[in-house]
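Read the structure below first, then the notes.
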Amino acid sequence: MSQIAFKFRQMVQKMWFLPAAFSLVAVLTVVIAFVMSGLVPDKLPFTLSSEAVESILTVLASSLLTVAVFSLSTIVSALSSASASTTPRAVPLIVGDRSAQTSISVFIGAFLFSIVGIIGLSANIYSEAGRLLLFAVTLAVVVLVVAALIRWIGQMSSIGRVAETVSKAGTATEKAFRTVPGDGLLGCRPLSGKPSGEPIFSRKTGYVQHIDLSRLQELAHEHELLISITARPGAYAAPDRPLVLVAGTLEDDMADRLASAFTVGAGRTFDSDPRFGLIVLAEIGSKALSPGINDPGTAIAVVSTLVRVLAERPVEDSELKYERLLVAPLDPDDLMADSFRPIARDGAGSIEVMLRMITGLKTLAHCRPEMEEAARGMIADALERGLTAMSAKSDQAALKAAAKLA
């Protein structure tokens with residue numbers, strides 16, 4: 001994916017994009033109705049008064065403004081609830097929810113359509129054929145609004161809820177693993193051992209959100225370079241942390257050109273950073289185990305989601321596309337630490353959570369051979385934390401029995 005495509009994708013996921021697009025379509029619809037009216041004969045079998053169409057548009061305009069404001073306030077409440085009960089890192093998943101954006105966009109777009117239609121009727125710019133076309137479009141808009149209202153009623157019952165947020169975080173992580181399958185080589189050659197070469201540093205401080213691999217490959221092929229990527233998507237970037245190490249002769253402006261292939265932002269994204277999705281899920285489970293919330297059931301649900309995501313992630317790496325680029329594979333120990341260490345730390349005193357986590361780790365060790373060693377190491381870590389935190393001998397015995405089967 002190029003940088004332009006990545007930035008466009010980020011823009012599309014913004015809360016304002018879809019309402020703006022629907023509003024533009026609404027205005028264009030009214031304009032098209034006016035233009036097409038000149039192509040239709042004025043003498044029609046029946047006519048429609050301007051007041052009849054205007055009354056319908058007035059009802060839509062007055063009611064949909066209230067509905068749109070109410071819908072936006074519901075979204076704001078859902079964002080606050082998700083941030084307080086789960087983690088602020090999960091908020092972009094709710095903001096980027098396409099179904100919620102579509103409903104609000106229909107309300108705002110229909111409101112703007114009604115306003116523009118009323119203005120046109122008041123200015124008498126529509127002929128009889130134009131009013132008839134505008135009336136037909138208005139009926140279609142009413143159908144869309146009713147459908148959006150019905151869909152929005154169903155969405156309000158789940159948006160911002162903990163279970164729904166966990167589900168969205170799991171889905172986003174699965175999608176990221178499909179983008180970065182297998183060992184996460186990103187279509188590059190695997191980097192083994194310590195990389196060497198001339199370091200190229202970031203011009204900004206933040207997190208790597210995207211790498212234009214095609215651009216790096218093109219530069220490497222053109223100037224006969226071998227590039228070792230040391231900052232994957234999600235890595236912290238700073239002027240003293242190299243993005244890549246380059247073997248070959250660098251021209252004067254080559255460092256800037258290579259650094260510009262990296263998109264560095266203030267926060268991490270889910271798109272091609274599966275570790276971030278695991279971290280968000282772990283944060284939700286960890287927060288559920290805090291004394292103020294004390295919800296081990298949510299932590300257990302998070303553990304189940306983490307096990308499912310890791311067990312079902314694609315095995316095969318993407319095909320080799322960039323033979324002059326090298327990148328280190330994903331480390332199973334890092335995946336284990338991102339997923340389960342926060343829950344093992346904060347849930348060490350809960351026998352229910354620890355037993356469920358050990359069971360899940362045993363499943364991963366069984367079905368994913370490449371993660372077996374890391375999973376067994378996490379079981380040992382969980383056992384140590386649990387024995388330290390649990391005072392009841394029966395809980396300690398149950399934990400030891402569960403860990404021995406691993």
Side-chain angles (χ1 to χ4, degrees), residues 11-81 94-161 164:
M11 182 181 68
V12 168
Q13 293 175 349
K14 298 294 184 182
M15 192 70 183
W16 58 266
F17 180 83
L18 209 55
F22 271 69
S23 299
L24 179 61
V25 171
V27 174
L28 289 176
T29 302
V30 176
V31 174
I32 291 173
F34 169 72
V35 174
M36 289 185 62
S37 63
L39 304 177
V40 181
D42 287 337
K43 294 184 179 181
L44 299 174
F46 61 93
T47 59
L48 197 65
S49 65
S50 176
E51 291 76 11
V53 182
E54 187 174 358
S55 61
I56 300 176
L57 292 175
T58 301
V59 172
L60 283 176
S62 60
S63 59
L64 287 178
L65 179 60
T66 304
V67 172
V69 172
F70 171 74
S71 301
L72 290 173
S73 64
T74 302
I75 289 290
V76 172
S77 299
L79 296 178
S80 300
S81 175
I94 300 176
V95 173
D97 183 11
R98 184 63 64 191
S99 58
Q101 288 184 1
T102 301
S103 297
I104 296 176
S105 301
V106 169
F107 300 147
I108 297 177
F111 168 74
L112 189 59
F113 167 82
S114 304
I115 292 297
V116 176
I118 292 173
I119 293 174
L121 290 172
S122 301
N124 293 321
I125 65 174
Y126 288 103
S127 63
E128 292 183 359
R131 289 196 299 270
L132 188 60
L133 288 172
L134 184 62
F135 177 73
V137 175
T138 301
L139 293 181
V141 169
V142 171
V143 173
L144 287 176
V145 169
V146 172
L149 281 171
I150 295 174
R151 184 171 61 248
W152 181 245
I153 291 172
Q155 293 168 348
M156 285 192 299
S157 62
S158 60
I159 188 170
R161 303 296 187 267
E164 181 69 11

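As the structure is a computational prediction, the values presented were derived from the model and not from experiment. Side chains are part of it too, since the values below use all heavy atoms of this structure and drop only hydrogens, waters and symmetry mates.
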State, yes or no, whether a side-chain contact exists between W152 and T74 at a heavy-atom distance under 4.5 Å. yes
If the test is side chain to side chain contact (heavy atoms under 4.5 Å, CB included), which one of I56, T58, L57 qualifies with E54? T58
Side chains of residues 107-118: which donor-acceptor partners sit under 3.5 Å, not counting sequence neighbours?
from: S114; atom 1: OG; to: A110; atom 2: O; distance (Å): 2.8

Pairs of donor and acceptor atoms involving the side chains of residues 141-149, under 3.5 Å and at least two apart or interchain, shall be tabulated with distances.
none

